[in-house]
Amino acid sequence: RDSHTPVVLGNITQLLASGLRKPVIVTHHHLPITVSYTLTNEPLTSKYFSNIIHSYFVHFYNRCDYVTGPTATALNLLYEHGLRVPGQVISNGVDLKKFTPGKGDERLRQRFNLPQGRPIVLHVNRLSYEKRIDVLIDAFAKMSGNGHLAIGGTGVAEADLRAQVRQLNLNDRVTFLGFVQDADLHPLHQLADVFVNPSEAELQSISMMKAMACGLPVIASDSYALPELAHHGENGFVFQHGNSNELAHYLDIFLAEPALRAQMGAKSLQIIAEHDIERILDQWEALYEHLANEFTEAKVRNKFTAAHL
């Protein structure tokens, strides 16, 4: 049995698996900041709260038989906090048949009211405070290039982000796309020139993986697992999280050099090939088969031992 949550459903999975004598595999995708942004960023409570959340995760995972994380960063965080059961890195993966490079659909540009003749900087994600889209907007106010920022998604931080754009007089340089339908995601990425992820809470960025699959160069913060996808100087740049000046500098470099964007975008395609969903499914199948055989052998040994007592 496979569990993706260490709360109610995860506990139910453990109970059912115990009765059925099945192995329990859990996947780790959580950070304390995603549980509560306020408590994680409050100086008086941040360390205490983070330790409590990590302790709960590890306590739950240590009662499972196997743990996977989408990145080495995710898995190492657990071992640092006391994980004892075996684990493995298995990426979330991306469909490389669906997300591919190509010329963008100009009809979509018109529908989203994106300008012609200006490089498009794209960010698509949940508009939550830990995603630090405010840093990206600040960078646009500081950069000298003529790029246009397209922000896709909805969330609790949207009103504040819109107010920030108005306050910085960036209405003609920033477009909020709202919720982007799945059918529009691929052509939207093909319209873009650069993808930026300024988040401070990512154990793996599926949105950035999709952008890389479309051949986009990327700029990402140095938080958690983002540098596992964004290789500084190869397929993009990595900036110090929260540093809008550094982000503006890298944006200006990209917007001024189309050849560099193309070169680094090609490198994105090489890096993301390791995350092809077909390869990831093979890894999951191999893991399930291994654990199933291991538990079958254990049952046979237990029966043999019981029969000779």
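Computed over heavy atoms, backbone and side chain alike; hydrogens, waters and symmetry mates excluded. Source: prediction; values computed, not measured.
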query = In terms of hydrophobic clusters joined by side-chain contacts under 4.5 Å, are V135 and M208 together?
reply = no

ask   = Is a side-chain N or O of Q164 found less than 3.5 angstrom from the main chain of I137, in a donor-acceptor match?
value = no

ask   = Heavy-atom distance under 4.5 Å between the side chains of Y224 and S199, does that happen here?
value = no

inquiry  = Could you tell me if the side chain of I25 sits less than 4.5 Å from the side chain of W284, heavy atoms only?
reply    = yes

inquiry  = How about CG on N113, more than 12 heavy atoms from neighbouring residues, nucleotides or ligands closer than 6.0 Å, or not?
reply    = no

Rounded distance (nearest 0.5 Å) linking atom CD of E200 with atom NZ of K131 = 10.0 Å

query = Where the side chain of E130 meets the backbone of A201, is there a donor-acceptor pair that is under 3.5 Å apart?
reply = no

request  = Apply ring pair (Phe, Tyr, Trp, His ring centres under 6.0 Å) to the pair Y61 and H28, showing each step before the final yes or no.
outcome  = CA-CA 9 Å; Y61 297 156; H28 177 60; 5.4 Å; yes

request  = Please report the shortest heavy-atom distance between V67 and V85, naming the atom on each side.
outcome  = CG2-CG2, 3.5 Å

query = Does the side chain of Q204 pick up a donor-acceptor pair with the side chain of N92 at under 3.5 Å?
reply = yes

message = Parallel, tilted or perpendicular: which one describes the rings of Y250 and F237, with boundaries at 30° and 60°?
response = parallel

ask   = Are any of the side-chain heavy atoms of P119 and N146 separated by less than 4.5 Å?
value = yes

R111 and D105 ion-paired at < 4.0 Å = no

ask   = Ion pair present between E158 and R162, side-chain N to carboxylate O less than 4.0 angstrom?
value = yes

ask   = Going hydrophobic residue to hydrophobic residue with side-chain gaps under 4.5 angstrom, can you get from V196 over to L114?
value = no

request  = Check step by step if side-chain contact (heavy atoms from CB on, under 4.5 Å) holds for K210 and H186.
outcome  = CA-CA 8 Å; K210 291 175 180 177; H186 180 217; over 6 Å; no

message = Is there a path of hydrophobic side-chain contacts, each under 4.5 Å between heavy atoms of I/L/V/M/F/W/Y residues, joining M212 to L269?
response = no

ask   = Below 4.5 Å, heavy atoms only, C-beta onward: do L255 and V121 meet side chain to side chain?
value = yes

inquiry  = If you count every heavy atom of other residues, nucleotides or ligands that lies below 6.0 Å from R118 atom CZ, does the total exceed 12?
reply    = yes

task = Compare all side-chain heavy atoms of D160 with those of Y129 and state whether any distance is below 4.5 angstrom.
result = yes

ask   = Under the 3.5 angstrom rule, does the side chain of D184 hit a backbone N or O of V180 as a donor-acceptor pair?
value = no

Between Q116 and E106, a side-chain donor and acceptor under 3.5 Å = yes

query = Under 4.5 Å between side-chain heavy atoms, hopping through other hydrophobics if needed: is there a path connecting V26 to V89?
reply = yes

inquiry  = Restricting to non-hydrogen atoms, name the atom on L96 and the atom on A213 that form the minimum distance, rounded to 0.1 Å.
reply    = CD2-CB, 3.6 Å

ask   = Are any non-hydrogen side-chain atoms of I151 and L161 less than 4.5 angstrom apart?
value = no

ask   = How long is the span from the NZ atom in K142 to the CG atom in N245, to the nearest 0.5 Å?
value = 4.0 Å

key: H241 NE2: over 12 foreign heavy atoms closer than 6.0 Å   = no

ask   = What class does the angle between the rings of H189 and F99 fall in, given that below 30° is parallel, 30 to 60° is tilted and above 60° is perpendicular?
value = perpendicular

task = In sequence, state the C-alpha distance, the side-chain angles, and the governing distance for N125 and E202, and then conclude on side-chain contact (heavy atoms from CB on, under 4.5 Å).
result = CA-CA 11 Å; N125 215 322; E202 296 284 358; 3.4 Å; yes

key: Criterion side-chain contact (heavy atoms from CB on, under 4.5 Å) against S91, the qualifying member of D276, T68, I280   = I280

request  = Measure across T71 and A225 and return the closest heavy-atom pair with its distance rounded to 0.1 Å.
outcome  = OG1-CB, 3.5 Å

inquiry  = With a 3.5 Å distance limit and no angle check, can you tell me whether D138 reaches the backbone of G242 through a side-chain donor-acceptor pair?
reply    = no

message = Less than 4.5 Å apart, side chain to side chain, heavy atoms only: is that true for V165 and F176?
response = yes

note = Between the CG atom in D282 and the CD1 atom in I277, the distance rounded to the nearest 0.5 Å is 10.0 Å

message = On a heavy-atom basis, which atom in V194 and which in L216 lie closest, and how many Å separate them?
response = N-CD2, 4.4 Å

inquiry  = If I take atom CD from residue E257 and atom CE from residue M264, how far apart are they, to the nearest 0.5 angstrom?
reply    = 9.0 Å

query = Can you tell me how far the CG atom of L127 sits from the CD1 atom of I133, to the nearest 0.5 Å?
reply = 4.5 Å

ask   = Would R173 and L149 count as a side-chain contact (heavy atoms from CB on, under 4.5 Å) if you check the C-alpha gap in whole Å, the side-chain angles of each, and the deciding distance to 0.1 Å?
value = CA-CA 6 Å; R173 300 187 61 193; L149 175 58; over 6 Å; no

message = Nearest 0.5 angstrom please: L136 CG to S221 OG, how far?
response = 11.5 Å

query = Which atom pair, heavy atoms only, marks the closest approach of T175 to H148?
reply = OG1-NE2, 2.7 Å

query = Which pair of heavy atoms, one from N62 and one from G82, lies closest together, and at what distance?
reply = ND2-O, 3.3 Å

message = Checking L287 against Q283 for the side-chain contact (heavy atoms from CB on, under 4.5 Å) test, could you report, in this order, the C-alpha distance in whole Å, the side-chain angles of both residues, the deciding distance, and whether it holds?
response = CA-CA 6 Å; L287 176 59; Q283 292 178 31; over 6 Å; no

inquiry  = Under 4.5 Å between side-chain heavy atoms, counting indirect links through other Ile/Leu/Val/Met/Phe/Trp/Tyr residues: same cluster for L251 and L122 or not?
reply    = no

request  = Indicate yes or no: at least one non-hydrogen side-chain atom of I120 is less than 4.5 angstrom from one of R109.
outcome  = yes

